[in-house]
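Naming: A, B, ... by sequence-line order, numbering from 1 per chain. Keep in mind that the numbers below use all heavy atoms, side chains included, and drop hydrogens, waters and symmetry copies.
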2 protein chains.
Amino acid sequence: MTVATQRVAEHLRRAILGGHIAPGERVRQEDIAQQLGASRLPVREALQMLAAEGMIEHEPNKGARVPWLSMHEVDVMYKMREQLEPLALAESMPFLTPGDLLRLEEIQDEIEAGVEVEQFLALDREFHLRTYSACGIDHLTSTVTRLWNSTQYYRRAFMHLSGPSRRWVVNAEHRLLMDALGRGDEVDAGRFLAGHIRRTRIELNRHPEVFGED
Amino acid sequence: MTVATQRVAEHLRRAILGGHIAPGERVRQEDIAQQLGASRLPVREALQMLAAEGMIEHEPNKGARVPWLSMHEVDVMYKMREQLEPLALAESMPFLTPGDLLRLEEIQDEIEAGVEVEQFLALDREFHLRTYSACGIDHLTSTVTRLWNSTQYYRRAFMHLSGPSRRWVVNAEHRLLMDALGRGDEVDAGRFLAGHIRRTRIELNRHPEVFGED
DNA sequence: CTGCCATGCATTGGATCCAATTTCCACCCC
DNA sequence: GGGGTGGAAATTGGATCCAATGCATGGCAG
């Protein structure tokens with residue numbers, strides 16, 4: 001099953017991550033199948049995968065849709081990130097290559113050059129996930145990635161309404177993190193990372209309108 | 001798709017959790033389909049789900065098998081538990097009913113009455129997962145459950161070779177946890193829980209033979 | 001005019017069928 | 001006797017087909 005199923009799953013992940021399929025929107029099997037020139041079967045298998053990943057909700061005979069998350073749910077998911085990502089970083093750090101660190105520099109330089117929201121989201125995501133990339137524990141990296149995937153929609157909404165003002169904080173925190181990475185100081189890096197995530201969470205909590213809650 | 005698929009997935013989870021399908025063992029689609037009186041299609045969809053949950057490994061054209069985990073992988077997964085379960089407990093605790101606490105008493109009494117390994121594994125699992133049951137954050141409970149599911153095989157192997165001697169420690173820690181739960185002291189409960197998980201992890205690390213590593 | 005019910009259409013769930021790949025074995029050659 | 005090659009059986013991957021369920025539209029009655 002795998003080859004077509006993986007293609008479809010990757011396509012759907014990108015579509016949801018890119019905001020082309022919004023929460024609440026229904027995902028029709030036939031539509032996706034035609035878009036990718038496949039039959040419905042790999043689509044159905046991909047939907048099962050994404051359902052297990054939490055990116056899709058599946059009700060019997062009613063089809064698949066992207067789930068809405070409440071502010072509280074996202075809040076807890078950020079708390080999960082605050083717990084897990086320092087661990088992933090600690091596991092990954094010893095195996096990061098100079099090339100990895102150089103790539104981080106490039107990404108951060110690009111972010112600071114001033115990019116649009118969409119590109120910022122992509123670069124920020126790549127920045128963080130790359131710091132975990134050498135971790136080698138599948139269960140850990142996939143769990144972290146899932147948390148990023150499922151909350152991306154709300155991060156985008158938040159970025160759009162908060163404007164570029166808070167980029168300064170992000171940049172400062174990223175630079176602090178990179179400095180700790182360069183020194184190989186795992187404790188320091190973990191602390192800055194946790195703070196970075198926690199601050200973001202607290203800011204998100206001040207914007208209930210992102211979740212349609214006021 | 002869901003009804004048959006869910007049935008198959010649940011069957012496979014139980015089979016793997018119960019040790020009836022061991023790591024490295026291949027899972028043939030046709031076999032499962034016949035066992036459950038279904039066609040291969042729901043089986044394939046269920047396998048995709050379990051693959052996304054990490055309970056199954058799927059290689060294109062080579063079929064599905066239960067993955068082996070290294071000692072290091074399990075070690076990190078226990079670290080994940082140590083980070084996540086206190087969070088799950090904190091989210092769940094305010095909503096635990098007196099009935100829930102009573103059920104915990106029952107379980108713990110049964111454990112202390114002296115049960116066989118298989119029953120201990122089931123009761124211990126129910127004990128902990130029940131303390132998180134009121135949490136209400138799907139992504140959190142499912143992540144924690146996944147960690148339990150994927151490491152069950154090694155917990156069983158460990159219990160079988162370590163004998164019932166260390167039950168005393170488990171019982172003491174469970175009682176401490178229950179006391180904190182009864183008092184509604186989330187900080188205390190989280191601390192005891194983290195210690196409980198960490199101690200188990202450290203003990204596991206002293207038994208590389210569980211993982212076929214010496 | 002409004003609300004309910006029924007019928008028809010759209011969509012999903014499940015089974016069967018066919019093609020492609022792998023795996024296992026036997027046989028042959030070195 | 002051991003290792004490699006060929007082929008057949010087993011197994012998986014993908015498509016098509018049919019049944020069942022849900023949804024929407026329209027008609028009918030109050």
Starting at [atom1] of [X] and ending at [atom2] of [N], how long is that distance when rounded to a whole Å?
| X | N | atom1 | atom2 | value |
| --- | --- | --- | --- | --- |
| L36(B) | dA15(C) | CG | C1' | 15 Å |
| R44(B) | dT16(C) | CZ | C1' | 12 Å |
| R7(A) | dG14(D) | CZ | P | 10 Å |
| E30(A) | dA15(D) | CD | P | 12 Å |
| Q6(A) | dG14(D) | CD | C1' | 15 Å |
| H58(A) | dT21(D) | NE2 | P | 15 Å |
| E59(A) | dC23(D) | CD | P | 9 Å |
| Q34(B) | dT16(C) | CD | P | 11 Å |

Contacts of type side-chain hydrogen bond (donor to acceptor under 3.5 Å, both in side chains), residue R199(B), not counting sequence neighbours: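 By the side-chain hydrogen bond (donor to acceptor under 3.5 Å, both in side chains) rule, R199(B) matches E173(B), E203(B).
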
Y78(B): partners by ring pair (Phe, Tyr, Trp, His ring centres under 6.0 Å), with sequence neighbours left out: none

With F127(A) via ring pair (Phe, Tyr, Trp, His ring centres under 6.0 Å) - residues at least two apart: H174(A)

Pairwise 5' ranking along DNA chain D for K62(B) and K62(A), keeping only the more 5' one: K62(B)

Among dT22(C), dG22(D), dC17(D), the one nearest R40(A) by side-chain distance: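 Nearest to the side chain of R40(A) among the choices is dC17(D).
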
Candidate nucleotides dT16(D), dT16(C), dT23(C), ranked by approach to the side chain of S39(A) - the nearest: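 Closest nucleotide to the S39(A) side chain: dT16(D).
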
Ring pair (Phe, Tyr, Trp, His ring centres under 6.0 Å) partner of F211(A), the single match among F158(A), Y154(A), Y153(A):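 Checked F158(A), Y154(A), Y153(A) against F211(A); only one passes ring pair (Phe, Tyr, Trp, His ring centres under 6.0 Å): Y154(A).
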
Might you list the N or O atoms of the protein lying below 3.5 Å from N or O atoms in nucleotides 9-11 of chain C, with each pair's distance?
residue: dT11(C); atom: O3'; partner: R26(A); partner atom: NH2; Å: 3.2

R13(A): salt bridge (Lys or Arg N to Asp or Glu O under 4.0 Å) partners, not counting sequence neighbours: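 In terms of salt bridge (Lys or Arg N to Asp or Glu O under 4.0 Å), with neighbours along the sequence ignored, R13(A) is linked to E10(A), E53(A).
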
For R103(B), all residues meeting salt bridge (Lys or Arg N to Asp or Glu O under 4.0 Å), sequence neighbours excluded: E106(B), E126(B)

Side-chain donor or acceptor of S92(A) paired with backbone N/O of A88(A) under 3.5 Å: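 No.
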
